[in-house]
Amino acid sequence: MSDSIDAELLNIFWIEVGEYLDTLNTTLLEIETTPDDNHEARLREMNRIAHSMKGAARTVGIEVIEKIAFHFETLFEKALNGKFAFTPDACDVLYNGLDVIQLVTAGEEQDETTVTAILNQLEKLGQGKRPSQEIAVAPAVQTTADPRATTSTIRVPMVEDMLRVPIPHMDNLMASVSELLVARLHSEELQRDINALRMLHTRWQREWRTIRAAYIRLLRRLQNDDSDLSLELSTLLAFLETNQRYLAEANRHLIQVAQRMTQDHLRLSALVDEMQNEVSAMRLVTFETAIPTFQRVIRDLARETNKQIQLDVMGGGVALDKRVMDTLRDPIMHLLRNAVDHGIESADERQQLGKPAEGQIVIFAEQRGSEIIISVHDDGAGIDPSIIKKSAIKRGLITDQQASKLSDDDALSYIFYPGFSTNEAVTAISGRGVGMDIVRDRVESLRGGVSIRSLKGQGTTISLHVPISLTRLHCVMLQVGDDIFAVPSSSVLRMLKTKRDDLFVTQGRYMVLVEGQAIPFTSLPGVLGMPLQEGNESQLPHEIRAIVLQAADRTVAFAVDDMEAEQELILKPLGLEIAGTQHIAGAALLGSGRVVLVLDVNDLARTATGMTFPASPPDAVAASSTDNMKKQRPRVLVVDDSITTRMLEKNILEAAGFDVRVAVDGTEAWGILGEGGFDIVISDVEMPRMNGLELVEQIKAHERLQTTPVILLTSRDKPEHLEAGMKAGADAYLVKSQFEQDELLNLVKKFV
Amino acid sequence: MTSSEEDKQQVDWAAVFENLNWDDPARREATMRERLRQRALQYAAPVQNTDISSFEDSLTVLTFGLGNEFFAVNVMSVRHVRKFDNITRVPGVPAFYRGVVNIRGQIVTMLDLRLFFGLPAQDTKLPRETIVVEANGLQLGLLAHDVQDIVVIPRATIQPLRELHYALGVTADRITILDVEQIFEDRRLIVGGS
């Protein structure tokens, strides 16, 4: 590894850490100043940042930052579990840690004793001890600061005739180009309008010619006849003649305008194309620019874990948007760490298994159509689907019954579930369970997808699919009732016409045979949770048109009303208020100015096959979509400030066929109830902001909601608590310690 | 023109001929000039309420009608007022989001305030106008059947509404003055947000 690459790597690292520091400082301050709020989202965010910072610091070998980040991660995790409170004293220690990182990034000389003391305090905090007040205590034995961390200066790599342009400027430029693309579409439409006008003139001309002979005859007759009437009539006829000349003149102008318009359009078109290519090219980087980072990570990890690993990168010449590359860098690092930590076995183990002692990791980048696919492959131990299933059951994500029906491929997808980790021991490298969900989030934020293939004993391949352009997308248009949606052409496997009788049911799910392969079948409006057209509520027509969509990791056929030809769309961001909507990847403008929604194929396929991730938006349709084809399921609102309880109840109820929404406290629940349509509310008692008793009172005092049954579910089991609950108006009171799945379900079914 | 009783009984032929000649370009221009002059005078006239403090004690709002309701928003939060033709429904969002619309190349989400407040919203005619407002980093289009006027309302005449914390109050003409900032604080507005 050359010095220049090290320097470049460090440069990137300092910028990254700078951003992390900003976020951590502000978020910590927010938490400290509003201790009573629910900070789960903030804590998760901080936890992720600490995790990423730890990894980044390890990559460049700056031990102080790595250690501090490790302590931070531990503390935030504790805080998430409610085992750590952000008291002012505790915050002081955290700020001290941030300050040390700040000093290191500024390249300032470190006082080693202070650093050691701060590290000790962080560690104590992590063990649940109170931090000692004074910092400048006698130095502890171990020395911490890596010499590189304290003495390294930031070296700027050799730069020749280059201009650094802030990314936002580039983004603005890109946005302007996409405006130009819309303008070009408008101009095309204008040309069509002008052509229509010319057609109109041609039609007039044809009609004029057919009566022209009669007109001339009349004119001649009038010249010979000198009755009183002839004067007016000849005036009128002369006017007709003039009119004809006017129209001919207008048409000549129109033709000229049309010609100029076509020329202008061609010039505009060429310029816009050129400009778009130039601007896109400005943002392009080749994949190989990231290779040194990856190699460094593997080398360091291999040394740390005492494994022998060879990293190969193929397709380094593939060019991709800078933003895409930046977004993918972290996910790829996560994948590499996982591959080393969980995938590749130790040299001894490998030899016993008859594998070469040196493990192999291959990163493969390739452009396929309008997609770029980056795969990380290792020839390690692979992932055992049965372990994933067990872990999913243990976490209450699925029931035993569901697990037995779950295919191995579907089971593997659970590793992308937030907080999912099968590795019980927390290692310093990975395995805390944050990671794979970040990978999925990041890739999907680029309208991409993640897929995993793994063979036990032979290795794992994880592929990241991302679109090549962030602004233009070839799409197929789908008609569903009165609505039109777009799906990326790259995800369309084929279009299909089938008969209703050709569908068959396997494990309660509609399937269709496509080229001899059984593929889950569902209706698009059903998955999207849209009301079906009247007349055929549950009946599918005899002739079904369907589109077979290929998501990153599964294939599903969707019934639609009609399909239209492919066209290129200009993508536009949705407002942030609806950007998180499930099944919707974004929006695009048609030439007419009309907005079309672009569907998120990964999301659709997950919903269609009954696998949904949390953070589901309000009216998201969960579980199996075949249910939705039939009838509305009863809606339950679960209110609990503990995520575990929430998820547990949600899963039990969803498995029993309920449509479940969740809220973290009474205030949020009250807001959600405003949407209406809930059949029952299940609430915890002790919660931040508005507690369960207050919520019940408010519900029972509300004109429209008072008939909604409310069950209080709590760990407080004293008679007076029960009485308080009943006084507030609760319909039932269930104590958590006796809480059992069947009991809850029976109780709920009594009311619904 | 004349206004007395006697004149009305007699035909004023001069006026009739004058009227018959209405399309005369010179006359048309004269009429237009007169109209512009009147308007200029109107604008130039001193404002009735010249007291400076009245500006501080009053609120400039844009009023609009939606179904049977009348609302007003502070003009400071208004970004655009537009008519639109096509609205695109978005599946999976709360009912109060009626869809998205292209406003000058930007995609704006349309909020039906009636549904947001839990009021019934049955329209024979869909709202076709929108007031795009911005607050708290959110930009939303408020649906309207008809956008009316910009009016200055003295704060003292605004009747506070205790039960509705989304409104600053009601005017004497029963127009609800919305508190856009307060509305945009509502977490229900963010789909899939924590």
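Because the structure is predicted, anything quoted here is derived from the model rather than measured. Chain A is the first sequence line, chain B the second, and so forth, proteins listed ahead of strands; every chain is numbered from 1.
The 12-atom threshold is exceeded at CD of A:Q706, counting heavy atoms of other residues, nucleotides or ligands nearer than 6.0 Å. Residue A:D193 qualifies as enclosed at atom CG: its count of foreign heavy atoms under 6.0 Å is above 12.
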- Task: May I have the step-by-step check of salt bridge (Lys or Arg N to Asp or Glu O under 4.0 Å) for A:E30 and A:R42, ending in yes or no?
- Result: CA-CA 9 Å; A:E30 279 165 12; A:R42 289 202 179 95; 2.6 Å; yes
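At a 4.5 Å heavy-atom cutoff, the contact between A:I578 and chain B is made by backbone and side-chain atoms alike. For chain A, no part of B:L115 is nearby; none of its heavy atoms comes within less than 4.5 Å. Of the two parts of B:F117, neither the backbone nor the side chain holds a non-hydrogen atom closer than 4.5 Å to a non-hydrogen atom of chain A.
Counting heavy-atom pairs closer than 4.5 Å to chain A, the top residue among B:N86, B:I107, B:V90, B:L189 is B:I107.
A heavy-atom distance below 4.5 Å is found between the side chains of B:H145 and B:P127. Counting only heavy atoms from C-beta outward, the side chains of B:F71 and B:L142 never approach each other to under 4.5 Å.
Below 4.5 Å, heavy atoms of chain A meet no heavy atom from residues 170-182 of chain B.
Using a 30° and 60° split on the angle between ring planes, A:W670 and A:H702 fall in the perpendicular class, above 60°. In this structure, B:Y166 and B:F116 have tilted ring planes: the angle between them lies in the 30° to 60° band.
For the salt bridge (Lys or Arg N to Asp or Glu O under 4.0 Å) test, no residue two or more places apart in sequence or in another chain qualifies with A:E577.
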